[in-house]
*Asks:* 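Have a look at this one.
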Amino acid sequence: MLTNTICFINQKGGCGKSSSCFHLGGHFAKLGLRVLLIDADPQGSLSQGLFGSTAIEGLRARESLAAIFDEDEIASPNLLVLPTQFERLSVIRANAQLAKHNTPEPEKAGMKQFALASFLENVPGFDLILIDCPPNLYLCSWNAMLASNFVVIPVPPEDFATQGLRTVHQAIEQAMPLQPALKLLGHLIIRSDMRLLVHRTYEEQLRRLHGEAVFSTVVPEASAFKVAISCRKPVSHYAPNSKAASVIAALGNEMLHRMSLLDAQRRIA
Ligand SMILES: Nc1ncnc2c1ncn2[C@@H]1O[C@H](COP(=O)(O)OP(=O)(O)O)[C@@H](O)[C@H]1O
Ligand SMILES: [Mg+2]
């Protein structure tokens, strides 16, 4: 059976994909789950959040996700899956070496579309896998969707970005025939400032358009998230009693609840 695997997708940058993976990964690990974070973005933000930029920039292809796409490398789970300083939290790192593999028109990439899904078949021992995607819908995001059974779309309420969301939905629908287990876990409203009328309006519109597909938990714009990352710790570990940590915990609970409901529906179907 597929380990519950969630990819975080949006073709926009700066919408909190990496931040969500980082903080949720810490939270779920603290909760007792064995969590694998996968950095599928050539920008390597998630990896840098854990280990700093110097350590990540110098990685060789065989130590990073690039290895799974590179015919000259042997993609070995022993080399790629690295424990972090946090109990039960491991990571597959990425850096700029991945960029040349992140090609457009991913549906024409032959077997490379399934590189991540095939690799993960040989990576046992995790309860949950979170995949951080780049700000485009090229081969890395496509691989992430074909290796996942759930997708989360982080959406900041900055502008009425339904146009952008439509493209994301189309990509998910295109991926579904190739990965029938894939389901939308939810739209995540993130970086919200409830003092701003525009943010409140955008949230209302999203909920009207997408109903229950929008998580009830909203992740606010809060410096604690940034500060924790700059200290290389998920907020669950950096400031466990903070408001920010409790929001991530609420979101984590909502995600687990939705996953168990969708899993049950899948079993009945
Ligand atoms: N809820 C939040 N509150 C404050 N800053 C945030 C929040 N979410 C993300 N950020 C910050 O915004 C920037 C962009 O977020 P990031 O997760 O890197 O976006 P993406 O991965 O979608 O490009 C980062 O500096 C990150 O720390
Ligand atoms: Mg990112």
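All ligand and atom numbering here is 1-based and tracks the order in the structure.
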*Asks:* Would you call R200-E203 a salt bridge at under 4.0 Å N-O?
*Replies:* no
*Asks:* Does ligand 1 come near enough to C15 that some N or O of the ligand is less than 3.5 Å from an N or O of the residue?
*Replies:* yes
*Asks:* Identify whether the distance between the nearest side-chain nitrogen and carboxylate oxygen of D127 and R34 falls below 4.0 Å.
*Replies:* yes
*Asks:* For ligand 1, which atoms have a heavy atom of K226 less than 4.0 angstrom away?
*Replies:*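 Listed by number with element: 5 (N), 11 (C), 12 (O), 25 (O), 27 (O).
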*Asks:* What's the spacing between C7 SG and L116 CG if we round to 0.5 Å?
*Replies:* 9.5 Å
*Asks:* Do the side chains of K108 and T103 get nearer than 4.5 Å, heavy atoms only?
*Replies:* no
*Asks:* Is the cationic atom of R207 (NZ for Lys, CZ for Arg) positioned less than 6.0 Å from the six-membered ring centroid of F215 and within 45 degrees of its normal?
*Replies:* no
*Asks:* Which protein non-hydrogen atom lies closest to atom 6 (C) of ligand 1, naming both residue and atom, and how far is it?
*Replies:*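 Ranked first by proximity to atom 6 (C) of ligand 1 is R191 NE, 3.6 Å.
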*Asks:* Using distance alone, determine whether S19 and ligand 1 share an N or O pair under 3.5 Å.
*Replies:*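 By distance alone, the answer is yes.
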*Asks:* For ligand 1, is S45 a contact, meaning one of its heavy atoms is under 4.0 Å away?
*Replies:* no
*Asks:* Please could you name the atoms of ligand 1 that F225 approaches to less than 4.0 Å, counting only its heavy atoms?
*Replies:*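 It comes down to these atoms of ligand 1: 1 (N), 2 (C), 3 (N).
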*Asks:* Considering only protein heavy atoms, determine whether one is less than 4.0 Å from atom 24 (C) of ligand 1.
*Replies:* no
*Asks:* Going by the order shown, which atoms of ligand 1 are within less than 4.0 Å of some heavy atom of G14?
*Replies:*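 Heavy-atom distances to G14 below 4.0 Å select 14 (C), 19 (O), 20 (P), 22 (O), 23 (O).
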*Asks:* Please check if any side-chain donor atom of S192 sits under 3.5 Å from a side-chain acceptor atom of E221, or the reverse.
*Replies:*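 There is no such pair between these side chains.
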*Asks:* Say whether K17, considering both its backbone and side-chain N or O atoms, lies within less than 3.5 Å of an N or O atom on ligand 1.
*Replies:*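 By distance alone, the answer is yes.
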*Asks:* P220 near ligand 1, heavy-atom distance under 4.0 Å?
*Replies:*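 Heavy atoms of P220 do come under 4.0 Å of ligand 1.
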*Asks:* Can we call the ring centroids of H187 and H169 under 6.0 Å apart?
*Replies:* yes
*Asks:* Determine whether the side chain, the backbone, both or neither of P154 has a heavy atom under 4.0 Å from any heavy atom of ligand 1.
*Replies:*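 Looking at P154 and ligand 1, no heavy atom falls under 4.0 Å.
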*Asks:* A side-chain contact here means heavy atoms from C-beta on lying under 4.5 Å apart; do N143 and F114 qualify?
*Replies:* no
*Asks:* Is A222 in contact with ligand 1, taking contact as a heavy-atom separation below 4.0 Å?
*Replies:*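 The answer is yes, since A222 has a heavy atom less than 4.0 Å from ligand 1.
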*Asks:* Please work out which of the three classes, parallel, tilted or perpendicular, describes the rings of F69 and H101, given edges at 30° and 60°.
*Replies:*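 H101 and F69: parallel rings.
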*Asks:* Taking Q97 for the side chain and L59 for the main chain, is one N or O donor matched with an acceptor at less than 3.5 Å?
*Replies:*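 Yes.
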*Asks:* For atom 19 (O) of ligand 1, find the nearest protein heavy atom and state the residue, atom name and distance (0.1 Å precision).
*Replies:*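 Sorting protein heavy atoms by distance from atom 19 (O) of ligand 1 puts G16 N, 3.0 Å first.
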*Asks:* Strictly under 2.8 Å, is the Mg ion (ligand 2) approached by any N, O or S atom of Q43?
*Replies:*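 No, since none of the N, O or S atoms of Q43 sits under 2.8 Å from the Mg ion (ligand 2).
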*Asks:* If you take the nearest heavy atom of each of G13, C21, S18, which one is closest to atom 18 (O) of ligand 1?
*Replies:* S18
*Asks:* Within the 4.0 Å heavy-atom shell around V219, which atoms of ligand 1 are there?
*Replies:*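 Those of ligand 1 that fall under 4.0 Å from V219 are 1 (N).
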